[in-house]
Amino acid sequence: MAASLLGAPTGVYAQTQLSDWRAANDAVGRFLRGHIDIVRAENKSGATNSGVQSDRPANALTLEQAKKRALQVRATDVFQPTGLSARERQRQAMAVTDLLLEVELAWLAAVGSNQALRLQQNATEAANIASELASRMGTIGNWGADRVLAVQLDAKAQQLRLLDAQNAARQSLLALESTLMTSGIGVADELPAIRGLGARVDLRASVDELAAERLNRLPDYRASLLAMQRWQELAGEGAIDQWNQYVNDRIDAVIERGDMTQLVIDSSKVLWNHNIKEALHARASIAELEASTRNTIALAQAAVRNSHEQAMLLANELVPLAMQAEEEAVYQYNGMFISTWNLLAQYRARVQVQMAAVNAQTLFLQTDAAFRAYMAGADYRPPSGLPGIELGASGGGGH
């Protein structure tokens, strides 16, 4: 009687209908994310084409292999005969260090952009699924054209981002191939893992200590010091002191009275000859090099620490939280507490956090490589910041 009140069918027809309903329900139940997984399955079977294809390279080079390849193809340049002077050996070591830095930066860019491309493929797939579902909602009349168009516009925007990501991955791979003078190579699927910085002596040492260490690696630094000392001896200590006092007095007059005419060399009041001029120029040049070295090291140390903190925060905290939030959204969706659009938004938010983590990881590894190479004698070549990504996503309402 109760079954009749609920409108449940009876008899053979009822059993057949109930069996069909259960089969259909079991079929849908195989799709953890409901409509999303159904559309994804349709795409894979060829019913719908998302336009996203993965381009995985066949022969992936590790960073060590890439560095070896760079040295092999330039063997006639990097190998030098015996009997070189100390300065020549230092110059050669700096040239090799600069080459290996170029390889490392190019390799990291290629791996990072390739990893970001795969994540953007995921984001584009989610946007295409949302567009397909929105189109179906519009077809059956559940949604108005404005809501359908909003979702479709977002899908097109994601497709444009995918094209950008594909171009970035391709360009970075070509740059690596150019550096290695080798075509048809591939890179690893993921960037190297990031560890803590507690054991890094170069980040705990003082700037002055590190500056002295780097300067001693420069091939012309010691020669410049010797040249300055020689010119100072020729000029005479008394003449140098007299010049310093003359400069201080004139600068005081400029600051106190604003009289710019004081900035002249009056040979009747201060000794000024070739030896003094060369000694002062040598001293100024070395002072500028030492100050620039200390400043660069301080900037590089800060950049390494800051980029490391960002990368670790994203990898160890934000990414796990985003994955946990997506998992919770799946539970909520299967309990019919949230809509398909909420689930899609949470999925895309997780992908965006992962993309931000990859960018931060790439930036740290390149920043750290630039700092280590600078300490080894190469020029400082910090990477430019990678584009930031908003951590979050929005979706349409409705189930």
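Only a predicted model underlies this, so the values are computations on that prediction, with no experimental measurement involved.
- Salt bridge status for Arg305 with Glu309: absent, with no side-chain N to carboxylate O gap under 4.0 Å.
- Residue Gln262 holds its CD atom at 11.0 Å from CE of Met260, rounded to the nearest 0.5 Å.
- Transitive grouping of hydrophobic side chains (ILVMFWY, heavy atoms separated by less than 4.5 Å) brings Ile276 and Ile251 into a common cluster.
- Between Arg170 and Leu173, some side-chain heavy-atom pair lies under the 4.5 Å cut-off.
- There is a path of hydrophobic side-chain contacts, each under 4.5 Å, that joins Leu271 to Val247.
- A donor-acceptor distance shorter than 3.5 angstrom exists from the side chain of Gln366 to the backbone of Leu105, with no hydrogens or angles considered.
- Between Leu191 and Thr362, the closest side-chain pair of non-hydrogen atoms falls below 4.5 Å.
- Heavy atoms only, all atoms of each residue included: Arg294 and Ala211 are closest at CG-CB, 3.7 Å.
- The neighbour count for Gln324 CD, taken as heavy atoms of other residues, nucleotides or ligands under 6.0 Å away, does not exceed 12.
- Between the side chain of Arg350 and the backbone N or O of Ala322 there is no donor-acceptor pair closer than 3.5 Å.
- Of the possible polar contacts, none joining the Gln166 side chain to the Leu117 backbone as a donor-acceptor pair under 3.5 Å is found.
- For the pair Thr179/Trp107, no side-chain contact is recorded, criterion being any heavy-atom separation below 4.5 Å from C-beta on.
- In plain terms, the two heavy atoms of His308 and Gly196 that are nearest each other are NE2-CA, 3.9 Å.
- In this structure the side chain of Glu132 reaches within 4.5 angstrom of the side chain of Arg136, judged on heavy atoms.
- For the atom pair OH of Tyr380 and CG of Leu101, the computed distance is 10.5 Å after rounding to the nearest 0.5 Å.
- In this structure a side-chain-to-backbone donor-acceptor pair under 3.5 Å is present from Ser224 to Asp220.
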*What do the steps show when you test Asp241 against Gln245 for side chain to side chain donor-acceptor pair (under 3.5 Å), and what is the final call?*
CA-CA 6 Å; Asp241 291 340; Gln245 185 61 48; over 6 Å; no
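- When side chains are defined from C-beta on, Leu63 counts as touching Lys67, because their heavy atoms get closer than 4.5 Å.
- For the atom pair CG of Leu162 and CD of Gln120, the computed distance is 6.0 Å after rounding to the nearest 0.5 Å.
- Around the CE atom of Met181, the shell of radius 6.0 Å holds more than 12 heavy atoms that belong to other residues, nucleotides or ligands.
- Glu125 and Gln158 are not linked by any side-chain donor-acceptor pair at a separation below 3.5 angstrom, with hydrogens and angles left out of the test.
- Heavy atoms only, all atoms of each residue included: Val103 and Ala70 are closest at CG2-CB, 3.4 Å.
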*Would Trp231 and Ile240 count as a side-chain contact (heavy atoms from CB on, under 4.5 Å) if you check the C-alpha gap in whole Å, the side-chain angles of each, and the deciding distance to 0.1 Å?*
CA-CA 11 Å; Trp231 284 116; Ile240 298 294; over 6 Å; no
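- The CD atom of Gln361 lies 8.0 Å from the CD atom of Glu190; values are rounded to the nearest 0.5 Å.
- Residues Tyr221 and Met375 fall into different hydrophobic clusters, defined by Ile, Leu, Val, Met, Phe, Trp and Tyr side chains chained together at heavy-atom separations under 4.5 Å.
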*With side-chain contact (heavy atoms from CB on, under 4.5 Å) as the test, would you mind laying out the steps for Leu71 and Leu100 before giving the verdict?*
CA-CA 8 Å; Leu71 294 177; Leu100 294 180; 4.1 Å; yes
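- A continuous path of ILVMFWY side-chain contacts below 4.5 Å connects Leu108 to Ile185, so both sit in one hydrophobic cluster.
- Checking Leu321, Val358, Leu318 one by one against Val353, the side chain to side chain contact (heavy atoms under 4.5 Å, CB included) holds for a single residue, Leu318.
- Pairs engaging residues 269-283 under the side-chain hydrogen bond (donor to acceptor under 3.5 Å, both in side chains) rule: Asn244-Arg283 [sequence neighbours left out].
- Looking at Ser131, its side chain never comes within 3.5 Å of a backbone N or O of Ala127 through a donor-acceptor pair.
- A donor-acceptor contact closer than 3.5 angstrom is absent between the side chains of Arg348 and Gln352.
- In this structure, the side chain of Arg257 does not engage the main chain of Asp252 through any donor-acceptor pair within 3.5 Å.
- For the pair Trp243/Ile265, a side-chain contact is recorded, criterion being any heavy-atom separation below 4.5 Å from C-beta on.
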*Please step through side-chain contact (heavy atoms from CB on, under 4.5 Å) for the pair Val330 and Gln346, ending with a clear verdict.*
CA-CA 9 Å; Val330 172; Gln346 195 61 59; over 6 Å; no
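- Residues Leu197 and Phe364 form a side-chain contact, since some pair of their non-hydrogen atoms from C-beta on lies under 4.5 Å apart.
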*Passes side-chain contact (heavy atoms from CB on, under 4.5 Å), Trp341 versus Arg147? Steps please.*
CA-CA 12 Å; Trp341 310 102; Arg147 296 180 69 183; 5.5 Å; no
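- Here the straight-line distance linking atom CD1 of Ile129 with atom CG of Leu343 works out to 10.0 Å at 0.5 Å rounding.
- The side chain to side chain contact (heavy atoms under 4.5 Å, CB included) test with Leu61 is passed by exactly one of Leu180, Val111, Leu176: Leu180.
- In Arg204, the CZ atom is crowded: over 12 heavy atoms of neighbouring residues, nucleotides or ligands sit closer than 6.0 Å.
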*Under the side chain to side chain donor-acceptor pair (under 3.5 Å) criterion, do Gln242 and Tyr246 qualify, and how do the steps go?*
CA-CA 6 Å; Gln242 182 192 36; Tyr246 175 83; over 6 Å; no
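- A donor-acceptor pair under 3.5 Å is formed between the side chain of Asn216 and the backbone N or O of Ala212.
- Residues Tyr374 and Ile297 are in side-chain contact: their nearest non-hydrogen atoms beyond the backbone lie under 4.5 Å apart.
- Within the 3.5 Å criterion, the main-chain N or O of Val78 finds a donor-acceptor partner in the side chain of Gln92.
- Smallest separation of non-hydrogen atoms from Gln152 and Ser135: NE2-CB, 4.1 Å.
- In this structure, the side chain of Asn342 engages the main chain of Ser339 through a donor-acceptor pair within 3.5 Å.
- Arg69 and Thr182 get closest at one heavy-atom pair: NE-OG1, 2.8 Å.
- The line from CG of Asn128 to CG of Leu133 is 11.0 Å long, rounded to the nearest 0.5 Å.
- Here the closest heavy-atom approach between residue Ser172 and residue Ser113 is recorded as OG-OG, 2.6 Å.
- Transitive grouping of hydrophobic side chains (ILVMFWY, heavy atoms separated by less than 4.5 Å) brings Phe79 and Val96 into a common cluster.
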